[in-house]
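Structure, as structure tokens:
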Amino acid sequence: MNNRKTPRTSRRHEHSEEPALPLPEKPRKQVLHRAQGDGESARRDIAGRLLAWFDRHGRFDLPWQHPRTPYRVWLSEIMLQQTQVSVVTGYFDRFIKALPDLSALAHAPQDDVLALWSGLGYYARARNLHAAAKLCAEHHDGDLPRDLDALVALPGIGRSTAGAILSQAWGDPAPILDGNVKRVLCRVFGIDGWPGMPVVEKRLWSIAETLLPQTRLADWTQAQMDFGATLCTRANPACAICPLQDVCVARIEGRIGELPAPKPGKALPQREALMLIVEDADGRVLLWRRPPTGVWASLWSLPQHEDIIEAQAWFERHLDGDFAAARALPALDHGFSHYRLRIQPHLIAVNGPRAAIGDNPDLRWVDRAELTAIGLPAPVRKLLQELTE
DNA sequence: AATCCGGGGAG
DNA sequence: CTCCCAGGATT
């Protein structure tokens, strides 16, 4: 029953008090026809190519593969949620030695289970695992249910983990959609948008369904994981030796670095700045040389301040004019890599600098015509350009 | 839809 | 340092 070469057999099980599942008999064909574009023959061949790749380059020595029982598959899948193989193997061996089967887990004290999990993180996984084992003891004759909905009903098991269990433990045709599969599908089929977005995820599940092969379902699941983990990696995928290089949309369109689309970052911190556009009687603008460090180091820019109070104090120290006559212009947003800057310009006319600071080397009057020749920050250039128009 | 859980590895 | 990872539960 745990032999991965076991051919698929009838999977209706005994306790059929519920009505038959609404799944049609040939769901894969229907989904296949519904999927548009992309060339069905090429798509159908993907599983064959990856299985051939898997035969040569796949991982066959993982601890949960020998023997591959439903319990061991389940435990490994839970441990592997958000945790890499290299970290899991040691924990898996220790756990399976202490609690070798589902019954042992179901009857173990929770403290023992948590102790075995200690260091793995995401401890809710351990509590869910334990609770699910008890539920199996109560409701499924002490075994994991061989049924998608029944598996998903257990705590800690979502659709992808259920698919991995069904396919690996029994060879049933259930797709998975973990981080590896998402990345591979986004690239091969050129799917835009962050894979965590519901609309994108739905599309990916649909594709994953269509790719299911007729046989070797356990190998198919493992092949996808190995392929994503060792060849179609997040950074520097080995496209040159990839068996899908001639059909991969991302590869063909040179978008390997862009797909899958990254998770939208948190909103960058927003900062405010106030810039003074000071004009003298001849229509010249006052520029200010920025400090030698920080953003726009040593560039000529506009006099800049955090707020209006500071701006006014600076103005009255350096210039001869009526600050109250300053006129606010439309704000301008500028994005940096690590924050967003909202520039609030204030236009103000003056007679000239105060006598005492007239020769300040960091201040300079400039004709409009000269501006294009001076190295100004992009938003400042834009600001002054709009003003001239 | 957003947030949380958590330690470790890679760049 | 940041981002990501064989996700799922909760709000």
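Given the structure is predicted, the values throughout are model-derived calculations rather than measurements. Values reported hereafter were calculated over all heavy atoms of this structure, with side chains retained and with hydrogens, waters and symmetry mates removed.
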For [X], which contact category applies under a 4.0 Å heavy-atom criterion: base, sugar-phosphate, or nothing?
X: A:Leu129; answer: nothing
X: A:Thr161; answer: sugar-phosphate
X: A:Val181; answer: nothing
X: A:Ile157; answer: sugar-phosphate
X: A:Gly119; answer: sugar-phosphate
X: A:Arg127; answer: nothing
X: A:Gln222; answer: base

Look at the side chain of [X] and decide which nucleotide, out of [options], has an atom nearest to it.
X: A:Gln81; options: C:dA6, C:dG7, C:dC5; value: C:dG7
X: A:Gln84; options: C:dA6, B:dA1, C:dC5; value: C:dC5
X: A:Val87; options: B:dG8, C:dC4, C:dA6; value: B:dG8
X: A:Ser86; options: C:dG8, C:dC5, B:dG9; value: B:dG9
X: A:Asn128; options: C:dC5, C:dA9, B:dG6; value: C:dA9
X: A:Asp226; options: C:dG7, C:dA6, B:dG8; value: C:dA6
X: A:Asn180; options: C:dA9, B:dG9, C:dA6; value: C:dA6
X: A:Pro262; options: C:dA6, B:dG6, C:dC4; value: C:dC4
X: A:Tyr123; options: C:dA6, B:dG6, B:dG11; value: B:dG6

How long is the line joining [atom1] of [X] and [atom2] of [N], in whole Å?
X: A:Lys182; N: C:dG8; atom1: NZ; atom2: C1'; answer: 11 Å
X: A:Glu77; N: C:dG7; atom1: CD; atom2: P; answer: 9 Å
X: A:Trp194; N: B:dA2; atom1: CH2; atom2: P; answer: 8 Å
X: A:Tyr122; N: C:dT10; atom1: OH; atom2: C1'; answer: 14 Å
X: A:Gln65; N: C:dA6; atom1: CD; atom2: C1'; answer: 12 Å
X: A:Tyr91; N: B:dG9; atom1: OH; atom2: C1'; answer: 14 Å
X: A:Glu201; N: C:dG8; atom1: CD; atom2: P; answer: 9 Å
X: A:Trp117; N: C:dG8; atom1: CH2; atom2: C1'; answer: 13 Å

Side chain to side chain contact (heavy atoms under 4.5 Å, CB included) between A:Ile157 and A:Leu154, worked out: CA-CA 6 Å; A:Ile157 299 180; A:Leu154 293 171; 4.1 Å; yes

Pairwise 5' ranking along DNA chain C for A:Asp178 and A:Val152, keeping only the more 5' one: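 Counting from the 5' end, the first nearest nucleotide belongs to A:Asp178.
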
Which residue lies more 5' along DNA chain C, comparing A:Trp64 with A:Leu154 via nearest heavy atoms: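 It is A:Trp64, whose closest nucleotide lies nearer the 5' terminus.
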
Along DNA chain B (nearest heavy atom to each residue), the more 5'-positioned of A:Asn236 and A:Pro198: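 Comparing both residues, the 5'-ward one is A:Pro198.
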
5' precedence on DNA chain B between A:Leu120 and A:Val199 (nearest-nucleotide basis):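 Taking each residue's closest nucleotide, the earlier one in sequence belongs to A:Val199.
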
Span that lies between the P atom of B:dG6 and that of C:dT11, in whole angstrom: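 Between the two P atoms, the distance is 15 Å.
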
Atom P, compared across C:dA6 and B:dT3: separation rounded to whole Å: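 Each nucleotide's P atom is 23 Å from the other's.
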
Option among A:Leu177, A:Leu259, A:Ile191, A:Ile46 that satisfies the side chain to side chain contact (heavy atoms under 4.5 Å, CB included) test with A:Leu185: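 Of the listed options, the one satisfying the test is A:Leu177.
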
Presence of salt bridge, A:Arg159 and A:Glu209, under 4.0 angstrom: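 Answer for the salt bridge query: yes.
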
Check: A:Glu370 main-chain N/O paired with A:Asp367 side-chain donor or acceptor under 3.5 Å: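 No.
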
Side-chain (A:Asp307) to main-chain (A:Glu310) donor-acceptor, under 3.5 angstrom: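 Here the side-chain-to-backbone pair exists.
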
No-H, no-angle donor-acceptor pair, A:Arg59 side chain to C:dA6 base, under 3.5 Å: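 Yes, a donor-acceptor pair under 3.5 Å.
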
Same apolar cluster: A:Ile256 and A:Val200, side chain cutoff 4.5 Å: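 Different clusters.
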
Pair A:Met79-A:Trp117, side chain to side chain contact (heavy atoms under 4.5 Å, CB included): steps then yes or no: CA-CA 9 Å; A:Met79 283 187 167; A:Trp117 209 269; 3.5 Å; yes

